[in-house]
Amino acid sequence: MESEWDNLLLLDACRYDMFQNHNELEGNLKKIESMGSSTTEFLIGNFSDRVLHDTVYVTANPQYYRHKDTINCEFHNVIHVWKDDGWDSEYQTVLPETVTEYARHAASEYNKKRLIVHYIQPHYPFLDSEVKFDKGQLYDPNNNKSFWAGLMTGKLSVKKSRIWELYENNLEHVLDSIRDLADTLDGRTVVTSDHGNMVGERSFPIPIREWGHPRGTHTRQLVEVPWLDLGGNNRKIVPDPPANQVDDQSTEVVTDRLESLGYK
């Protein structure tokens, strides 16, 4: 939060090396170290017990909502894209273009606030319509194991190269939406990520092949993330007391959304 930006466009589970290979946005790119290997660790590390009345958080990830009492942060406002019409029932996620639409409205309404826009992609589930395995169902009803756990245990047999390809497709999809949003934003814009993702690499200190982004496993693939400064002139930012927020989502819906995104 101490870094120089007006708009922070946050990818979910985007490792530095994959971003470096696929990014075509012009700006100053460097590698930084995240404060966690999961979204929850990232949120706690960056926002816990803070007063951020100059910031609006637009998020497609329900993790902040689930852990809001633990995080104990006062944003000016939090816009939960994953609620109601922001959730895509076919793909069981929030599509990048939906996040961009919400973010544009927020940028217009809160033009004197810093803006954090948290996309879900390249995070699972995959948006490739040709995927035939595990499509739209993260959990196997027979063993209640996650997609990543299925790969780790060998219950789900998919080549690493295919997983990498699908992950890249998710990244390219979200980068298109980020480009569309960045072109319309005023102020200084930065693109980064909350954490990375393991795709069959060996973890440490236990040298097993790891998939996904387990909390507390701080490998290079999980904590090295991009920081792409797109430039721009800083806007005038003015803090104000928090807006009135409706806090009415049921625990069942939150849990269902998180399970669809791979959280158990």
Side-chain angles (χ1 to χ4, degrees), residues 1-16 18-20 22-36 39-61 63-64 71 73-81 94 96 99-123 171 174-196 223-240 242-243:
M1 296 304 295
E2 288 71 27
S3 300
E4 286 292 326
W5 53 266
D6 299 308
N7 313 298
L8 191 70
L9 310 186
L10 192 62
L11 298 163
D12 201 303
C14 183
R15 44 197 280 172
Y16 176 81
M18 184 177 287
F19 182 89
Q20 184 184 37
H22 287 269
N23 172 60
E24 295 182 353
L25 294 166
E26 293 185 4
N28 181 23
L29 175 63
K30 64 180 180 180
K31 182 191 304 178
I32 64 170
E33 185 171 320
S34 175
M35 298 181 75
T39 298
T40 303
E41 285 185 337
F42 170 86
L43 294 172
I44 292 172
N46 286 283
F47 303 141
S48 282
D49 301 320
R50 303 193 69 163
V51 176
L52 301 173
H53 291 175
D54 64 347
T55 305
V56 172
Y57 180 34
V58 180
T59 179
N61 193 319
Q63 288 287 27
Y64 178 81
I71 297 168
C73 179
E74 280 193 11
F75 289 104
H76 176 68
N77 201 0
V78 180
I79 299 170
H80 298 283
V81 185
V94 180
V99 179
T100 291
E101 180 182 353
Y102 273 74
R104 282 178 175 151
H105 285 296
S108 176
E109 183 175 357
Y110 303 104
N111 58 4
K112 292 186 178 179
K113 300 291 182 285
R114 300 177 97 187
L115 191 66
I116 300 175
V117 182
H118 192 159
Y119 291 82
I120 280 292
Q121 290 74 28
H123 195 286
L171 177 57
V174 69
L175 285 177
D176 286 342
S177 291
I178 280 183
R179 182 182 298 105
D180 290 343
L181 177 60
D183 287 343
T184 66
L185 292 175
D186 293 328
R188 186 171 182 176
T189 299
V190 169
V191 182
T192 187
S193 178
D194 55 354
H195 56 81
V223 298
E224 289 184 355
V225 295
W227 183 270
L228 176 64
D229 190 338
L230 302 179
N233 297 319
N234 290 102
R235 290 187 279 110
K236 181 180 180 181
I237 303 297
V238 179
D240 287 304

| request: Answer yes or no: is there a donor N or O on one side and an acceptor on the other, between the side chain of Asp6 and the main chain of Arg235, under 3.5 Å? | output: yes
Show me the donor-acceptor pairs within less than 3.5 Å that the side chains of residues 183-192 make with the rest of the protein, sequence neighbours left out.
residue: Thr184; atom: OG1; partner: Leu181; partner atom: O; Å: 2.8
residue: Arg188; atom: NE; partner: Asp229; partner atom: OD1; Å: 3.4
residue: Arg188; atom: NE; partner: Asp229; partner atom: OD2; Å: 3.0
residue: Arg188; atom: NH2; partner: Asp229; partner atom: OD2; Å: 2.5
residue: Thr189; atom: OG1; partner: Asn7; partner atom: ND2; Å: 3.0
residue: Thr192; atom: OG1; partner: Pro226; partner atom: O; Å: 2.6

| Is the side chain of Gln121 donor-acceptor paired with the backbone N or O of Val94 at a distance under 3.5 Å, no angle test? | yes
| query | Minimum heavy-atom separation for Ala13 to Asp194, with atom names? | reply | N-OD1, 3.0 Å
| query | Is there side-chain contact between His118 and Thr39, with heavy atoms separated by less than 4.5 Å? | reply | yes
| Who are the ring-ring contact (aromatic ring centres under 6.0 Å, His included) partners of Tyr64, not counting sequence neighbours? | Tyr57, Phe75
| remark: d(Leu52 CG, Ile116 CD1) to nearest 0.5 Å is 7.0 Å
| task | Give a yes or no on whether the backbone of Ser177 and the side-chain of Thr100 come within a donor-acceptor separation of less than 3.5 Å. | result | yes
| field | Taking every non-hydrogen atom, the tightest pair across Val81 and Ala60 | value | CB-CA, 4.2 Å
| message | Nearest 0.5 Å, please: how far is CG in Asn46 from OG in Ser34? | response | 7.0 Å
| task | Answer whether the closest heavy-atom distance between the side chains of Arg50 and Met1 falls below 4.5 Å. | result | yes
| said: Test side chain to side chain contact (heavy atoms under 4.5 Å, CB included) on Asp12 and His195; report intermediate values, then the result. | reply: CA-CA 7 Å; Asp12 201 303; His195 56 81; 3.4 Å; yes
| What is the minimum heavy-atom distance between His76 and Val56, and which atoms define it? | CD2-CG2, 4.0 Å
| field | Closest approach of Pro122 to Leu171 (non-hydrogen atoms, all atoms of both residues) | value | CB-N, 3.7 Å
| Rounded to the nearest 0.5 Å, how far apart are CD1 of Ile237 and OH of Tyr110? | 14.0 Å
| said: Looking at Val238, is its backbone amide N or carbonyl O close enough to the side chain of Lys113 to form a donor-acceptor pair, meaning the two atoms are under 3.5 Å apart? | reply: yes
| said: Please find the pair of heavy atoms, one from Cys14 and one from Val225, that lie closest to each other, and give the distance. | reply: O-CG1, 3.9 Å
| query | Do the side chains of Glu24 and Leu175 get nearer than 4.5 Å, heavy atoms only? | reply | no
| Under the 3.5 angstrom rule, does the side chain of Arg179 hit a backbone N or O of Leu25 as a donor-acceptor pair? | no
| request: Would you give the length of the straight line joining atom CG of Asn61 to atom CG of Leu10, rounded to the nearest 0.5 angstrom? | output: 9.0 Å
| Can you tell me how far the OG atom of Ser193 sits from the OH atom of Tyr16, to the nearest 0.5 Å? | 13.0 Å
| task | Would you give the length of the straight line joining atom SG of Cys73 to atom CG of Asp49, rounded to the nearest 0.5 angstrom? | result | 9.0 Å
| Within-4.5 Å side-chain heavy-atom neighbours: Trp227 and Leu8 | yes
| request: For the pair Lys112 and Asp240, evaluate salt bridge (charged side-chain N to carboxylate O under 4.0 Å, His left out) and give the outcome as yes or no after the intermediate values. | output: CA-CA 10 Å; Lys112 292 186 178 179; Asp240 287 304; over 6 Å; no
| message | Using modelled atom types and a 3.5 Å cut-off, is there a donor and acceptor pairing between side-chain atoms of Asn23 and backbone atoms of Phe19? | response | no
| field | Donor-acceptor contact present, side-chain Thr55 to main-chain Arg114, <3.5 Å | value | no
| Glu224: what forms a salt bridge (Lys or Arg N to Asp or Glu O under 4.0 Å) with it, not counting sequence neighbours? | Lys31
| field | Exercise: identify the closest heavy-atom pair between Ile120 and His123 | value | O-CB, 2.7 Å
